[in-house]
Amino acid sequence: FEILATKGTQGRYYPYTYAITMKDIVKFHGHDCEGLSHAAACAKIAFNILFPDGIIDRSVLWGISGTSPCWTDAVAFLTGARKQYGNLGFFKDKKYGHSIVLYREDTGVAVLATWKKGINNIPGEPVVLPGTITWTPKVSMDEVLKLKDIVKKADGKQTPYQVDLMRYYQWMHINDIFSRPLEDSYQAKVIENFKWEEWVDQTKTIRNTHVRSDTRLKN
């Protein structure tokens, strides 16, 4: 990711961009995981629409994710959006739990991004856009779904082997996906007539938000 940001809490734009990689996102989140990789990939697909020149202006972005810390952390880190500013939210509709919306306030363009059907592996959650992969994953999603049903139940009956196997499947799956263009596995679309309040769960927002000051003098 090529990022443009402001210099200091009351600063103008930096005269240069800087790079953010998956390793940086992992350090922020605390560990590498499947969800973090999916969220970052969705963000990359959305950024390609929002910033066709490839330079991501971190001072104009808002973001919405599901409640998973993987997806929320990726969106917060890449956009600079924060709950205290009122520009980081959670989806009102739970079916979007493994999707993101990125909104560019200066152009008014919002993009919904998610995975394509065929790499999704969350029990009972639909893929919210119509795209389907045209390649065959190395890991069976049916096997992963069955294993997740066992491992994610906090009943203490999971075996160390099952925990390690799920981690291995996830690692294999992400490396398989990232070995090919992201467009093969993820999809995005512009949301027409986007209204923030129609997408965000208002019960999980800060009513009295703070004014963001680090972008006030950017120009």
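One-based numbering along the sequence shown.
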Heavy-atom closest pair, residues Lys204 and Thr67 | NZ-CG2, 3.8 Å

Would you check, one step at a time, whether the test ring-ring contact (aromatic ring centres under 6.0 Å, His included) holds for Tyr103 with Trp199?
-> CA-CA 11 Å; Tyr103 170 64; Trp199 287 81; over 10 Å; no

Please examine the side chains of Glu143 and Met166, heavy atoms only from C-beta on, and report whether any two atoms are closer than 4.5 Å.
-> no

Are side-chain heavy atoms of Ile133 and Trp115 found at a separation under 4.5 Å?
-> no

More than 12 foreign heavy atoms under 6.0 Å from NZ of Lys189: is that the case here?
-> no

Any idea which heavy atoms bring Ala188 and Ile49 closest together, and the distance?
-> CB-CD1, 3.9 Å

Which heavy-atom pair separates Val101 from Leu112 by the least distance, and what is that distance?
-> CG2-CD1, 3.9 Å

Measure from the side-chain N and O atoms of Arg82 to the backbone N and O of Ala76, and report whether any donor-acceptor pair falls under 3.5 Å.
-> yes

Is His173 reaching over with its side chain to a backbone N or O of Ile119, donor-acceptor style, under 3.5 angstrom?
-> yes

Tell me, yes or no, whether the heavy-atom count around Trp171 atom CH2, taken from other residues, nucleotides or ligands under 6.0 Å, exceeds 12.
-> no

Considering only NZ, NE, NH1 and NH2 on the basic side and carboxylate oxygens on the acidic side, decide whether Lys94 and Asp201 come within less than 4.0 Å.
-> no

Identify the two heavy atoms, one from Lys218 and one from Val60, that lie closest to each other, and give their separation to 0.1 Å.
-> NZ-CG1, 3.3 Å

